[in-house]
Amino acid sequence: MTRTVQFVTFGMFIIDDFSFADEQGKPTGETIGGGGTYATIGARIWLPPDTLGMIVDRGNDFPQEIHNRLLTYGSDLWHFRDDLNRVTTRSMNSYRGEYRGFEYITPRIRLTPRDLVGTRLMRPASVHFICSPKRAHEIISEIQGIEGWNPTTIFEPIPDRCVPEELPSLKAVLPHIAILSPNAEEALSLLSLPLIVTKTAVEDAASEFLKMGVGKGNSGSIIIRSGALGAYVMTSDRQGRWIDAFWSSAENIDKVVDVTGAGNSFLGGLAAGLFLANGDVYEATLYASVSASFTVEQLGLPHLTLGSDGVEEWNQGSPHKRLEVLRQRMTEK
């Protein structure tokens, strides 16, 4: 029996190349990247591969090593599309001190709801997209054109479009969004507020977004991802609440190796949590925080293995044990 697909992302699969100023700017190797990929793995931490999915466009240069690594997460997870007449989407991540630059170095193929037609990924219960407000509106319009499909929509605004000029377009799409989740700097930038991240500033920003009307009948949620401060969750009918980052205390700072993809995997974990917690967005954010905790522990994606008891382990740890630790920590607050 085919299981219901709980989560699909419209984020792209990308092969990331890296260059660093202290190494003459030459690429230092390729790795699996793309916000959609990280979001998918964030959900995979909690759910079986046949309940999730992501389209991966493979070009004629797709490395066998990367293909093999993807399969370690479950072959059902990926819907591969091959085009030998093009190359795979690639990006260059350039590091110069504190500055990180990002640019596409090969053509990209954007995904839309129509791409799911005729695949096992049709009509998932929740969808995730990383884009501008204008493109979010186009995705929503496609979803609305498919009769009988009303997924939970999780919108992650793309960083370079989180500017005040985009606010009118964002307001237009918000009534069709179930969950809006910028990070703290992006939220403040959209609202023309000082880019000084404090809990008070984040709480005020969340209130401003809710006043604009998130979701049908203002039934949606705003989740502002705020790094080590945690994530602030707010709905129109429930009090705002901070959910800790799992690795947030000073004694655990060495656990945070690289935050690339942490926000994306957070939102994949959130989607899985919404399913497992029967739609409770506050409880789901605990799952999200745990997903992000595995992502920051290394460069690239977390590692999946089977323990001696046959139970899946991520970075040789248990997501469910971390969930209980975080839940207990929040209960004690």
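Residue numbers count from 1 along this sequence. The basis for the numbers below is simple: all heavy atoms, side chains too, and nothing from hydrogens, waters or symmetry mates.
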Heavy-atom side-chain proximity of [X] to [Y] below 4.5 angstrom:
X: F13; Y: T40; result: no
X: T285; Y: L270; result: yes
X: F10; Y: C131; result: no
X: F275; Y: S126; result: no
X: R86; Y: N60; result: no

Is the number of heavy atoms from other residues, nucleotides or ligands within 6.0 Å of [atom1] ([X]) greater than 12?
X: R161; atom1: CZ; answer: no
X: Q64; atom1: CD; answer: yes
X: R327; atom1: CZ; answer: yes
X: N150; atom1: CG; answer: no
X: K199; atom1: NZ; answer: yes

With E156 as partner, the option from N183, T9, N264 fulfilling side-chain hydrogen bond (donor to acceptor under 3.5 Å, both in side chains) is N264
Can you tell which of S293, S289, S291 makes a side-chain hydrogen bond (donor to acceptor under 3.5 Å, both in side chains) with R322?
S293
R81 with D115: basic N within carboxylate O range, under 4.0 Å:
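Salt bridge between R81 and D115, a charged N being under 4.0 Å from a carboxylate O: yes.
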Take L229 and V197 through the test side chain to side chain contact (heavy atoms under 4.5 Å, CB included) and record every step on the way to the result.
CA-CA 9 Å; L229 290 178; V197 177; 3.8 Å; yes
Under 3.5 Å, side chain of [X] to main-chain N/O of [Y], donor-acceptor pair present?
X: S181; Y: I223; result: yes
X: N315; Y: H303; result: yes
X: T106; Y: T88; result: yes

What pairs with D244 under side-chain hydrogen bond (donor to acceptor under 3.5 Å, both in side chains), at least two apart in sequence or on another chain?
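D244 satisfies side-chain hydrogen bond (donor to acceptor under 3.5 Å, both in side chains) with K333 once adjacent residues are dropped.
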State which residues pass side-chain hydrogen bond (donor to acceptor under 3.5 Å, both in side chains) with E138; sequence neighbours excluded, sorted by chain then number.
none
Establish whether I158 and F102 are linked, either directly or via other cluster members, by ILVMFWY side-chain heavy-atom contacts under 4.5 Å.
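No, no single cluster joins them.
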In terms of the angle between their ring planes, are F80 and F62 parallel, tilted or perpendicular, with boundaries placed at 30° and 60°?
perpendicular
Evaluate the ring planes of Y73 and W314, with Trp represented by its six-membered ring, and classify them as parallel (under 30°), tilted (30 to 60°) or perpendicular (over 60°).
parallel
Considering all heavy atoms of both residues, which atom of [X] and which atom of [Y] are nearest to each other, and what is their separation?
X: H128; Y: G35; result: CE1-O, 4.4 Å
X: Y38; Y: G33; result: CE1-CA, 4.3 Å
X: P151; Y: V127; result: CG-CG2, 4.2 Å

Measuring from atom [atom1] of [X] to atom [atom2] of [Y], what distance do you get when rounded to the nearest 0.5 angstrom?
X: I32; Y: D16; atom1: CD1; atom2: CG; answer: 10.0 Å
X: I139; Y: R110; atom1: CD1; atom2: CZ; answer: 9.0 Å
X: L47; Y: L276; atom1: CG; atom2: CG; answer: 5.0 Å

Does a donor on one side chain and an acceptor on the other come within less than 3.5 Å for Q328 and E332?
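Present: a donor and an acceptor within the cut-off.
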Would R329 count as a cation-pi partner of F246, with NZ or CZ less than 6.0 Å from the six-membered ring centre and within 45° of the ring normal?
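The answer is yes, since R329 meets both limits relative to F246.
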